[in-house]
Amino acid sequence: MRRCAPFCLRKLSYNDLRGFVPVKECHEHFWGSFGAQAVRLSTEFNVLGCEEGRHVDVFQRTHHRDLLKSSDVKTSQQARKLVERGCLQPDPLFYNRLLKKCVELGDLREGRIIHALVLTSEFKDDIFILNNIINMYVKCGSLGEARICFDEMPAKDTFTWTTMIVAYTQNGRPEAGLSMIPKMLHLGLKPNNFTFSILLKASGAISSAKHGMHIHTLCIKYGCDSNVYVGTSLVDMYARCGLIDEAQSIFDGLVSKNEVSWNALIAGHARKDRGEEALKLFQSMKREDFDPSDFTYSTVLNACASAGILEQGKWIHAHVIKCGVKLTDFVGHTLLHMYAKCGSIEDAEKVFARLVERDVVSWNSILTGYAQHGLGHKSLEQFDIMLKTGMQPNAITFLCLLTSCSHAGFVEQGQYYFEMMKTYGLEPKIEHYVTIVDLLGRAGKLDQALKFIRDMPVKPVAEIWKCLLGACRMHRNMELGVYAAEQTFDLDPYDSGPYVILANMYALAGRRNDVAKVRKMMKDSRVRKEPACSWVEIENAVHVFVADDDTHPQSKEIYDMWESISAKIKEIGYVPDTSHVLLFLEDHEREAKLQHHSEKLALAFACLNTPPKSTIRIKKNIRVCGDCHLAFKFASTVIERDIIVRDTNRFHHFRNGSCSCGDYW
DNA sequence: AAATCCTGTC
């Protein structure tokens with residue numbers, strides 16, 4: 001204790017001494033402990049015209065303040081020990097500062113001790129302190145203890161209830177948070193801005209427009225809807241519930257908005273795959289003099305990533321550089337993700353090299369990039385480097401590795417990693433099981449895949465069977481395919497995919513009656529096939545095509561261009577693969593059907609509108625069809641260009657007549 | 001005297 005004294009004495013100034021009330025109880029102890037130094041202090045006080053009695057309190061307050069300013073946990077403990085020894089006379093503020101310190105440091109153990117200390121003090125019923133104790137438990141991650149304190153509190157106020165709602169909402173139990181509101185209202189407690197923001201967040205988290213709208217009406221009733229936090233939460237809630245237009249109109253009507261409100265709206269559009277709208281909003285935001293933050297950049301970069309618009313992504317990157325935003329966690333990862341997702345793995349590698357710090361997410365992002373670009377070897381090499389740097393892989397890391405192996409056909413390696421993840425204490429989740437089925441299935445080991453499914457410790461979900469079904473189509477195994485399809489119909493009757501695959505398999509086998517049967521099933525279950533489309537970005541504009549599209553202004557040129565490409569590739573050996581057409585048509589009709597698939601139109605359009613030799617990047621909302629894949633291989637030779645096609649889960653790089661996927665996808 | 005809204009890898 002003596003150690004602390006000089007530190008405290010040095011800090012005293014006249015301003016510290018003014019207006020403090022003496023604490024008599026500590027007086028004696030103080031003099032006894034500090035002896036000569038206290039006398040010196042006393043002299044200084046006398047010079048300043050203070051009474052002796054004030055010293056102790058000055059000591060206390062100064063001491064608390066200085067102790068609590070430091071982020072060193074030892075000082076918080078020191079402060080507490082002084083109280084335990086009776087050298088300090090704590091007031092409620094003292095406890096609250098200590099609790100705040102525990103929250104900052106996430107120190108649950110220390111928090112519990114302070115809780116105990118409060119319980120033995122005269123403030124054991126102080127609602128303010130008890131509220132802060134609950135908050136401390138919540139922020140330190142102990143929901144259970146928070147709840148016990150909550151239940152045991154004799155009198156609760158709005159803060160108490162709000163804190164508990166925050167606790168549930170931020171710990172993945174938004175329904176539990178929402179369920180507290182009726183009771184709170186019943187007790188006559190008025191929710192405030194804090195309560196409403198968190199309730200709206202909870203509604204958004206479960207995408208429940210019903211709850212959200214109810215909370216919205218309460219916001220209005222309690223006059224909280226003009227608060228900027230509440231307003232922003234409203235925008236976010238509607239966006240997360242899929243009501244993006246409602247979100248936009250709330251945003252437009254906001255009395256006060258800040259950059260967070262903009263971010264919420266931009267993120268909403270980005271989630272809805274409205275990349276261009278998100279970018280437009282980004283522009284408006286800057287026009288209206290709101291400063292984009294890390295949040296904004298990662299949001300718009302993500303919008304570019306999902307829309308696959310590389311040029312505009314680069315433009316945002318330029319902004320990031322111009323504004324001196326560091327490539328730390330969020331911005332760095334979304335930038336890397338954007339380049340990988342827009343088909344430029346080289347740029348993604350450059351970003352990875354320049355990241356200020358690399359955490360497990362950075363590594364996962366680059367591994368995912370390699371996996372999606374079919375660079376299986378690179379992915380595994382990178383993983384070795386990751387381990388050498390001492391970075392701990394997580395469940396997602398292994399998912400990336402398994403995907404890499406699956407796409408590259410590395411069956412044994414994949415199984416090795418699957419076992420390896422367990423040695424890292426990671427329990428395989430359903431996604432991992434799906435990937436192993438995919439790995440085995442693609443490699444033609446269908447029986448092994450089925451045995452794997454049977455032996456799985458978890459119940460198979462629809463995804464598992466869809467995977468097996470895809471493999472059965474690839475390897476023409478009708479019997480197992482039918483079985484897998486039946487399983488998916490039970491588990492996920494509304495997905496069109498399995499019906500279409502099964503119908504195709506029947507069609508290939510010439511089983512017309514069965515095709516009709518599947519069609520009827522589709523009709524009965526009201527399943528609709530998602531329309532296939534492809535898109536390309538040319539000079540900051542996105543051009544979307546569907547099959548047989550004739551709506552584009554350049555339509556005639558596009559068809560002529562495709563005819564010309566088609567003629568040239570036939571000369572060097574392209575024979576249309578009509579097995580990909582479901583309908584029972586004559587051969588020439590089947591070919592006609594194939595020739596105007598959306599990706600072919602997109603390719604022709606890109607040839608017309610981009611400089612010779614430049615890389616063509618096409619995005620698709622579903623898997624690339626087998627015939628288009630074949631045609632594009634020949635086309636890459638004929639037009640002397642690299643063609644990169646992104647489908648739902650991977651990239652195909654066509655160059656000089658072959659594809660990076662090695663025809664294995 | 002305390003707290004509330006927006007972003008990343010699958």
Side-chain angles (χ1 to χ4, degrees), chain A residues 91-97 99-100 103 126-136 138-139 157-167 169-170 191-202 204 224 227-237 239-240 254 257-268 270-271 292-303 305 327-338 340-341 348 352 355 358-369 371-372 393-403 429-432 434-435 649:
Chain A
D91 56 4
L93 198 68
F94 169 79
Y95 287 113
N96 287 324
R97 281 184 179 163
L99 288 164
K100 195 176 170 189
V103 170
D126 185 299
I127 190 165
F128 203 92
I129 298 179
L130 291 175
N131 279 343
N132 279 306
I133 287 173
I134 296 182
N135 184 49
M136 179 276 297
V138 172
K139 297 288 148 62
D157 61 11
T158 297
F159 185 101
T160 326
W161 283 83
T162 304
T163 307
M164 219 46 225
I165 298 172
V166 169
T169 306
Q170 293 181 342
N192 59 20
N193 296 334
F194 294 93
T195 326
F196 283 124
S197 351
I198 197 69
L199 286 170
L200 289 166
K201 186 181 166 141
C224 291
N227 174 273
V228 64
Y229 280 82
V230 175
T232 302
S233 304
L234 279 168
V235 171
D236 186 56
M237 181 277 290
R240 280 180 201 274
L254 283 183
K257 57 181 87 155
N258 58 21
E259 73 284 355
V260 180
S261 325
W262 283 93
N263 294 343
L265 184 67
I266 295 173
R271 268 193 299 270
S293 63
D294 287 14
F295 279 86
T296 323
Y297 286 115
S298 57
T299 306
V300 281
L301 283 169
N302 203 25
L327 291 189
T328 46
D329 44 31
F330 279 99
V331 179
H333 295 152
T334 34
L335 189 61
L336 160 50
H337 178 61
M338 183 277 292
K341 216 56 216 233
F352 182 74
L355 289 180
R358 293 189 196 121
D359 64 10
V360 67
V361 180
S362 329
W363 289 94
N364 290 351
S365 301
I366 193 73
L367 289 174
T368 304
Q372 288 173 336
N394 66 12
I396 294 177
T397 315
F398 282 99
L399 196 60
C400 299
L401 288 172
L402 295 176
T403 311
K429 286 194 233 161
I430 194 72
E431 307 90 88
H432 299 93
V434 172
T435 318
N649 52 23

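Below, read A as the first sequence line, B as the second, and so on, with proteins coming before strands; counting in each chain starts at 1.
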Touch class at under 4.0 angstrom, heavy-atom based, for [X] against every strand present:
{"X": "A/Ile396", "answer": "base"}
{"X": "A/Ser197", "answer": "base"}
{"X": "A/Asp236", "answer": "sugar-phosphate"}
{"X": "A/Arg271", "answer": "sugar-phosphate"}
{"X": "A/Lys341", "answer": "nothing"}
{"X": "A/Ser365", "answer": "sugar-phosphate"}
{"X": "A/Asn192", "answer": "base"}
{"X": "A/Asn649", "answer": "nothing"}
{"X": "A/Thr368", "answer": "sugar-phosphate"}

Problem - Contact interval (first through last nucleotide) of DNA chain B with protein chain A, 4.0 Å heavy-atom - result: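 Terminal contacting nucleotides, 5' to 3': B/dA1 to B/dC10.
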Exercise for the section: Could I get the full list of side chain to side chain contact (heavy atoms under 4.5 Å, CB included) partners for A/Asn302, not counting sequence neighbours? Expected result: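 Checked A/Asn302 against side chain to side chain contact (heavy atoms under 4.5 Å, CB included); matches are A/Ala305, A/Thr334, A/His337.
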Exercise for the section: State, without any angle test, whether A/Thr195 and A/Thr162 hold a side-chain donor-acceptor pair at a distance under 3.5 Å. Expected result: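 Note: A/Thr195 and A/Thr162 side chains meet the donor-acceptor criterion.
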Exercise for the section: Answer with yes or no whether the side chains of A/Asn135 and A/Thr163 bring together a donor and an acceptor at under 3.5 Å. Expected result: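 Their side chains do not contain a donor-acceptor pair, so the 3.5 Å distance test is not met.
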Practice task
Report yes if some heavy atom in the side chain of A/Thr296 is under 4.5 Å from a heavy atom in the side chain of A/Thr299; otherwise report no.
Solution key: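 Answer no - side chains too far apart.
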Exercise for the section: List in chain and number order the residues that pass salt bridge (charged side-chain N to carboxylate O under 4.0 Å, His left out) with A/Arg271, two or more places apart in sequence or in another chain; answer none if no residue qualifies. Expected result: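 With sequence neighbours excluded, A/Arg271 shows a salt bridge (charged side-chain N to carboxylate O under 4.0 Å, His left out) to A/Asp236, given in chain and number order.
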Practice task
Using atom types as modelled and distance alone, determine if a side-chain donor or acceptor of A/His333 lies under 3.5 Å from a backbone N or O of A/Ser298.
Solution key: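 A pair under 3.5 Å: no.
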